[in-house]
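Letters A, B, ... are given to chains in the order of the sequence lines, protein chains preceding strands, and every chain is numbered from 1.
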There are 2 protein chains.
Amino acid sequence: MDHNQARQWLATAVEEAKAGLAEGGIPIGAALYGADGTLLGRGHNLRVQDGDPSMHAETSAFRNAGRQRSYKGTTMVTTLSPCWYCSGLVRQFGISRVIVGESETFHGGHDWLAEHGVEIIKLDDPECVRMMKDFIAAKPELWNEDIGE
Amino acid sequence: MDHNQARQWLATAVEEAKAGLAEGGIPIGAALYGADGTLLGRGHNLRVQDGDPSMHAETSAFRNAGRQRSYKGTTMVTTLSPCWYCSGLVRQFGISRVIVGESETFHGGHDWLAEHGVEIIKLDDPECVRMMKDFIAAKPELWNEDIGE
(Lines give C-alpha, C1' and ligand atoms only; values in the text may rest on other atoms or scores of the structure.)
Protein backbone atom coordinates (compact mmCIF):
# COMPACT_ATOMS: atom_id res chain seq x y z
CA MET A 1 0.00 0.00 0.00
CA ASP A 2 1.18 3.57 -0.48
CA HIS A 3 2.60 5.50 2.43
CA ASN A 4 0.14 8.37 2.09
CA GLN A 5 -2.72 5.99 2.84
CA ALA A 6 -0.69 4.45 5.68
CA ARG A 7 -0.03 7.89 7.18
CA GLN A 8 -3.71 8.75 6.97
CA TRP A 9 -4.60 5.61 8.93
CA LEU A 10 -1.80 6.29 11.39
CA ALA A 11 -3.48 9.63 12.16
CA THR A 12 -6.42 7.66 13.65
CA ALA A 13 -4.05 5.76 15.93
CA VAL A 14 -2.31 9.00 16.94
CA GLU A 15 -5.67 10.54 17.85
CA GLU A 16 -6.30 7.53 20.08
CA ALA A 17 -2.89 7.83 21.70
CA LYS A 18 -3.54 11.50 22.46
CA ALA A 19 -6.95 10.68 23.91
CA GLY A 20 -5.27 8.15 26.20
CA LEU A 21 -2.67 10.69 27.28
CA ALA A 22 -5.38 13.26 28.03
CA GLU A 23 -7.06 10.67 30.28
CA GLY A 24 -3.81 10.22 32.23
CA GLY A 25 -3.02 6.98 30.46
CA ILE A 26 -0.25 5.50 28.37
CA PRO A 27 -0.15 7.25 24.96
CA ILE A 28 -0.38 4.33 22.57
CA GLY A 29 -3.21 4.11 20.07
CA ALA A 30 -4.30 1.72 17.36
CA ALA A 31 -6.98 1.07 14.78
CA LEU A 32 -8.11 -1.93 12.76
CA TYR A 33 -9.08 -1.33 9.13
CA GLY A 34 -10.95 -3.77 6.94
CA ALA A 35 -9.80 -5.05 3.56
CA ASP A 36 -12.03 -2.44 1.91
CA GLY A 37 -10.59 0.40 4.00
CA THR A 38 -13.50 0.59 6.45
CA LEU A 39 -12.55 1.47 10.01
CA LEU A 40 -13.56 -1.61 12.03
CA GLY A 41 -12.40 -0.50 15.46
CA ARG A 42 -10.09 1.93 17.22
CA GLY A 43 -8.74 2.10 20.74
CA HIS A 44 -5.96 2.96 23.13
CA ASN A 45 -4.12 1.55 26.08
CA LEU A 46 -6.39 1.39 29.15
CA ARG A 47 -4.05 0.12 31.88
CA VAL A 48 -4.45 3.26 33.97
CA GLN A 49 -7.99 4.29 33.04
CA ASP A 50 -9.65 0.88 33.54
CA GLY A 51 -6.97 -0.71 35.72
CA ASP A 52 -6.91 -3.26 32.90
CA PRO A 53 -3.50 -4.65 31.95
CA SER A 54 -5.02 -6.66 29.08
CA MET A 55 -6.00 -3.56 27.13
CA HIS A 56 -3.06 -2.55 25.04
CA ALA A 57 -3.85 -0.24 22.14
CA GLU A 58 -4.04 -3.07 19.62
CA THR A 59 -6.17 -5.37 21.77
CA SER A 60 -8.46 -2.45 22.50
CA ALA A 61 -8.94 -1.71 18.78
CA PHE A 62 -9.44 -5.44 18.15
CA ARG A 63 -12.07 -5.66 20.92
CA ASN A 64 -13.87 -2.58 19.66
CA ALA A 65 -14.09 -4.10 16.18
CA GLY A 66 -16.28 -6.83 17.69
CA ARG A 67 -16.56 -10.35 16.38
CA GLN A 68 -15.31 -10.82 12.82
CA ARG A 69 -15.50 -13.99 10.81
CA SER A 70 -12.14 -13.36 9.16
CA TYR A 71 -9.27 -10.90 9.42
CA LYS A 72 -7.98 -11.61 5.93
CA GLY A 73 -6.97 -8.35 4.30
CA THR A 74 -7.28 -6.31 7.50
CA THR A 75 -4.67 -3.82 8.67
CA MET A 76 -3.71 -3.02 12.25
CA VAL A 77 -2.21 0.42 12.53
CA THR A 78 -0.47 1.25 15.79
CA THR A 79 1.59 4.17 17.04
CA LEU A 80 4.24 1.81 18.47
CA SER A 81 5.82 -1.49 17.43
CA PRO A 82 3.53 -4.24 18.76
CA CYS A 83 4.74 -6.12 21.85
CA TRP A 84 4.72 -9.95 21.86
CA TYR A 85 1.19 -9.97 23.24
CA CYS A 86 -0.12 -7.81 20.41
CA SER A 87 2.09 -9.50 17.81
CA GLY A 88 0.62 -12.83 18.90
CA LEU A 89 -2.84 -11.36 18.37
CA VAL A 90 -1.94 -10.37 14.80
CA ARG A 91 -0.49 -13.79 14.01
CA GLN A 92 -3.27 -15.85 15.59
CA PHE A 93 -6.10 -14.03 13.91
CA GLY A 94 -4.41 -13.67 10.54
CA ILE A 95 -4.38 -9.89 10.37
CA SER A 96 -2.66 -9.26 7.03
CA ARG A 97 -0.77 -6.03 7.56
CA VAL A 98 0.63 -3.93 10.41
CA ILE A 99 1.48 -0.25 10.07
CA VAL A 100 3.98 0.70 12.76
CA GLY A 101 4.13 4.38 13.74
CA GLU A 102 7.57 3.94 15.28
CA SER A 103 9.89 1.22 16.54
CA GLU A 104 12.65 3.42 17.94
CA THR A 105 11.55 3.59 21.58
CA PHE A 106 10.37 -0.04 21.67
CA HIS A 107 11.14 -2.91 19.32
CA GLY A 108 8.41 -5.53 19.60
CA GLY A 109 7.53 -8.51 17.42
CA HIS A 110 7.15 -6.93 13.99
CA ASP A 111 10.19 -8.75 12.53
CA TRP A 112 8.71 -12.05 13.72
CA LEU A 113 5.42 -11.14 12.08
CA ALA A 114 7.20 -10.32 8.81
CA GLU A 115 8.84 -13.76 8.92
CA HIS A 116 5.38 -15.25 9.21
CA GLY A 117 4.00 -13.45 6.19
CA VAL A 118 2.50 -10.31 7.69
CA GLU A 119 3.14 -7.17 5.65
CA ILE A 120 4.90 -4.61 7.86
CA ILE A 121 5.02 -0.92 7.03
CA LYS A 122 7.28 1.13 9.29
CA LEU A 123 6.67 4.86 9.18
CA ASP A 124 9.31 6.17 11.63
CA ASP A 125 6.94 8.94 12.57
CA PRO A 126 8.61 11.73 14.58
CA GLU A 127 5.40 12.65 16.44
CA CYS A 128 4.96 9.04 17.63
CA VAL A 129 8.60 8.93 18.75
CA ARG A 130 8.32 12.20 20.65
CA MET A 131 5.09 11.16 22.36
CA MET A 132 6.65 7.93 23.67
CA LYS A 133 9.96 9.51 24.62
CA ASP A 134 8.19 12.19 26.65
CA PHE A 135 5.97 9.61 28.31
CA ILE A 136 8.82 7.20 29.16
CA ALA A 137 10.86 10.06 30.61
CA ALA A 138 7.90 11.24 32.71
CA LYS A 139 6.62 7.85 33.94
CA PRO A 140 9.29 5.17 33.53
CA GLU A 141 7.75 2.83 36.12
CA LEU A 142 4.36 2.86 34.43
CA TRP A 143 5.97 2.14 31.08
CA ASN A 144 7.97 -0.77 32.50
CA GLU A 145 4.83 -2.17 34.11
CA ASP A 146 3.06 -2.06 30.76
CA ILE A 147 5.70 -4.17 29.04
CA GLY A 148 6.38 -6.47 31.99
CA GLU A 149 9.87 -5.18 32.71
CA MET B 1 6.51 -28.33 40.47
CA ASP B 2 4.81 -31.60 41.24
CA HIS B 3 1.92 -32.78 39.10
CA ASN B 4 -0.49 -33.10 42.01
CA GLN B 5 -0.24 -29.37 42.62
CA ALA B 6 -0.52 -28.72 38.89
CA ARG B 7 -3.68 -30.86 38.71
CA GLN B 8 -5.18 -29.01 41.66
CA TRP B 9 -4.64 -25.68 39.88
CA LEU B 10 -5.96 -27.14 36.64
CA ALA B 11 -9.22 -27.87 38.47
CA THR B 12 -9.76 -24.10 38.83
CA ALA B 13 -9.34 -23.66 35.07
CA VAL B 14 -11.71 -26.57 34.39
CA GLU B 15 -14.35 -24.97 36.64
CA GLU B 16 -14.00 -21.80 34.57
CA ALA B 17 -14.33 -23.73 31.31
CA LYS B 18 -17.51 -25.39 32.58
CA ALA B 19 -18.92 -22.04 33.67
CA GLY B 20 -18.28 -20.73 30.16
CA LEU B 21 -19.98 -23.74 28.60
CA ALA B 22 -23.01 -23.31 30.89
CA GLU B 23 -23.28 -19.70 29.66
CA GLY B 24 -23.36 -20.91 26.04
CA GLY B 25 -19.75 -19.98 25.48
CA ILE B 26 -16.53 -21.63 24.41
CA PRO B 27 -15.36 -24.04 27.14
CA ILE B 28 -11.83 -22.84 27.80
CA GLY B 29 -10.80 -21.69 31.25
CA ALA B 30 -7.66 -20.36 32.88
CA ALA B 31 -6.24 -19.04 36.13
CA LEU B 32 -3.17 -17.07 37.13
CA TYR B 33 -1.40 -18.09 40.33
CA GLY B 34 1.20 -16.02 42.15
CA ALA B 35 4.70 -17.18 43.05
CA ASP B 36 3.42 -17.95 46.57
CA GLY B 37 0.50 -20.01 45.25
CA THR B 38 -2.14 -17.31 45.75
CA LEU B 39 -4.88 -17.25 43.12
CA LEU B 40 -4.48 -13.86 41.43
CA GLY B 41 -7.22 -14.15 38.83
CA ARG B 42 -9.39 -16.66 36.99
CA GLY B 43 -11.50 -16.40 33.88
CA HIS B 44 -12.90 -18.00 30.76
CA ASN B 45 -13.42 -17.28 27.11
CA LEU B 46 -16.07 -14.54 26.62
CA ARG B 47 -16.39 -14.34 22.83
CA VAL B 48 -20.05 -15.35 22.87
CA GLN B 49 -21.13 -13.97 26.25
CA ASP B 50 -19.65 -10.47 25.84
CA GLY B 51 -19.29 -10.46 22.06
CA ASP B 52 -15.63 -9.85 22.90
CA PRO B 53 -13.05 -11.58 20.70
CA SER B 54 -10.20 -10.29 22.88
CA MET B 55 -11.24 -12.31 25.89
CA HIS B 56 -9.65 -15.70 25.58
CA ALA B 57 -9.46 -17.69 28.81
CA GLU B 58 -5.89 -16.64 29.56
CA THR B 59 -6.42 -12.95 28.79
CA SER B 60 -9.55 -13.03 30.94
CA ALA B 61 -7.66 -14.51 33.90
CA PHE B 62 -4.87 -11.99 33.32
CA ARG B 63 -7.35 -9.09 33.26
CA ASN B 64 -9.09 -10.32 36.39
CA ALA B 65 -5.77 -10.42 38.23
CA GLY B 66 -5.59 -6.64 37.78
CA ARG B 67 -2.39 -4.63 37.55
CA GLN B 68 0.69 -6.45 38.81
CA ARG B 69 4.15 -4.98 39.11
CA SER B 70 5.81 -8.25 38.11
CA TYR B 71 4.81 -11.68 36.86
CA LYS B 72 8.03 -13.32 37.98
CA GLY B 73 7.25 -16.70 39.48
CA THR B 74 3.59 -16.67 38.37
CA THR B 75 1.87 -19.63 36.74
CA MET B 76 -0.81 -19.51 34.08
CA VAL B 77 -2.90 -22.67 34.10
CA THR B 78 -5.17 -23.20 31.12
CA THR B 79 -7.40 -26.03 29.95
CA LEU B 80 -6.00 -25.78 26.39
CA SER B 81 -2.63 -25.10 24.80
CA PRO B 82 -2.34 -21.29 24.53
CA CYS B 83 -2.83 -19.79 21.06
CA TRP B 84 -0.25 -17.29 19.69
CA TYR B 85 -2.19 -14.40 21.20
CA CYS B 86 -2.11 -15.93 24.68
CA SER B 87 1.44 -17.25 24.24
CA GLY B 88 2.51 -13.71 23.36
CA LEU B 89 0.88 -12.52 26.59
CA VAL B 90 2.90 -15.03 28.60
CA ARG B 91 6.17 -14.09 26.90
CA GLN B 92 5.69 -10.32 27.05
CA PHE B 93 4.79 -10.19 30.72
CA GLY B 94 7.34 -12.75 31.85
CA ILE B 95 4.89 -15.29 33.28
CA SER B 96 7.23 -18.05 34.48
CA ARG B 97 5.24 -21.21 34.01
CA VAL B 98 2.30 -22.51 31.97
CA ILE B 99 0.30 -25.58 32.93
CA VAL B 100 -1.46 -26.93 29.84
CA GLY B 101 -4.56 -29.05 30.41
CA GLU B 102 -4.32 -30.54 26.93
CA SER B 103 -2.69 -29.90 23.58
CA GLU B 104 -4.31 -32.69 21.60
CA THR B 105 -7.22 -30.76 20.06
CA PHE B 106 -5.17 -27.59 19.52
CA HIS B 107 -1.41 -27.08 19.48
CA GLY B 108 -0.63 -23.44 20.22
CA GLY B 109 2.60 -21.69 21.15
CA HIS B 110 3.76 -23.68 24.17
CA ASP B 111 6.86 -25.07 22.39
CA TRP B 112 7.86 -21.52 21.47
CA LEU B 113 7.40 -20.47 25.08
CA ALA B 114 9.57 -23.36 26.26
CA GLU B 115 12.31 -22.21 23.84
CA HIS B 116 12.12 -18.81 25.49
CA GLY B 117 12.56 -20.10 29.00
CA VAL B 118 8.98 -20.60 30.16
CA GLU B 119 8.44 -23.80 32.16
CA ILE B 120 5.73 -25.86 30.46
CA ILE B 121 3.82 -28.62 32.24
CA LYS B 122 1.56 -30.67 29.98
CA LEU B 123 -1.06 -32.70 31.80
CA ASP B 124 -2.84 -34.44 28.89
CA ASP B 125 -6.04 -34.30 30.90
CA PRO B 126 -8.81 -36.52 29.45
CA GLU B 127 -11.61 -34.29 30.77
CA CYS B 128 -10.13 -31.25 29.03
CA VAL B 129 -9.75 -33.22 25.79
CA ARG B 130 -13.33 -34.48 25.93
CA MET B 131 -14.72 -31.03 26.66
CA MET B 132 -12.98 -29.53 23.61
CA LYS B 133 -13.74 -32.46 21.29
CA ASP B 134 -17.43 -32.26 22.17
CA PHE B 135 -17.46 -28.50 21.68
CA ILE B 136 -15.59 -28.57 18.35
CA ALA B 137 -17.92 -31.28 17.04
CA ALA B 138 -21.00 -29.30 18.13
CA LYS B 139 -19.92 -25.81 17.01
CA PRO B 140 -17.06 -26.01 14.51
CA GLU B 141 -17.68 -22.53 13.06
CA LEU B 142 -17.54 -20.87 16.45
CA TRP B 143 -14.32 -22.69 17.24
CA ASN B 144 -12.74 -21.64 13.93
CA GLU B 145 -13.80 -18.06 14.54
CA ASP B 146 -12.11 -18.11 17.94
CA ILE B 147 -8.75 -19.13 16.50
CA GLY B 148 -9.00 -17.06 13.33
CA GLU B 149 -9.36 -19.99 10.94
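Follow the hydrophobic side-chain contacts under 4.5 Å out from B:Val129 and you never reach B:Leu80; the two are in separate clusters. Residues B:Val77 and B:Ile121 are members of one and the same hydrophobic cluster, defined by side-chain heavy-atom contacts under 4.5 angstrom among Ile, Leu, Val, Met, Phe, Trp and Tyr. One hydrophobic cluster holds both B:Tyr71 and B:Val118 under the rule that ILVMFWY side chains link at heavy-atom gaps under 4.5 Å. Residues A:Leu89 and B:Trp112 share a hydrophobic cluster, clusters being chains of Ile/Leu/Val/Met/Phe/Trp/Tyr side chains in contact below 4.5 Å. Note on A:Val14 and A:Met132: separate hydrophobic clusters, where clusters join Ile, Leu, Val, Met, Phe, Trp and Tyr whose side-chain heavy atoms are under 4.5 Å apart, directly or indirectly.
Taken from CZ in A:Arg91 to SG in B:Cys83, the straight-line distance is 11.0 Å, to the nearest 0.5 Å. Put simply, CE on A:Met55 and OG1 on B:Thr59 are 7.0 Å apart, with the number rounded to the nearest 0.5 Å. To the nearest 0.5 angstrom, B:Tyr85 atom OH is 3.5 Å from A:Tyr85 atom OH.
Between chain A and the options B:Gly94, B:Gly88, B:Gly148, the largest number of non-hydrogen pairs under 4.5 Å is found for B:Gly88. Per-residue counts of heavy-atom pairs under 4.5 Å with chain B were compared for A:Lys72, A:Glu149, A:Arg47; the largest is that of A:Arg47.
Interface residue A:Asn144: backbone and side-chain heavy atoms are both found under 4.5 Å from chain B. The part of B:Leu142 that comes within reach of chain A is its side chain, from C-beta onward, which places non-hydrogen atoms under 4.5 angstrom from that chain. A:Phe62 touches chain B through backbone and side chain together, each having a heavy atom under 4.5 Å away. Contact annotation for B:Ser87: neither backbone nor side-chain heavy atoms come within less than 4.5 Å of a heavy atom of chain A.
Electrostatic pairing of A:Glu145 and B:Arg69 does not count as a salt bridge here, judged by no charged N lying under 4.0 Å from a carboxylate O.
The nearest pair of heavy atoms linking B:Gly66 to A:Pro53 is O-CG, 3.5 Å. Heavy atoms only, all atoms of each residue included: A:Arg67 and B:Val48 are closest at NH1-CA, 3.9 Å.
With hydrogens and angles ignored, the 3.5 Å screen pairs a side-chain donor or acceptor of A:Gln92 with a backbone N or O of B:Ile147.
In this pair, A:His116 and B:Trp84 present their aromatic rings tilted. The plane angle is within the 30 to 60° band.
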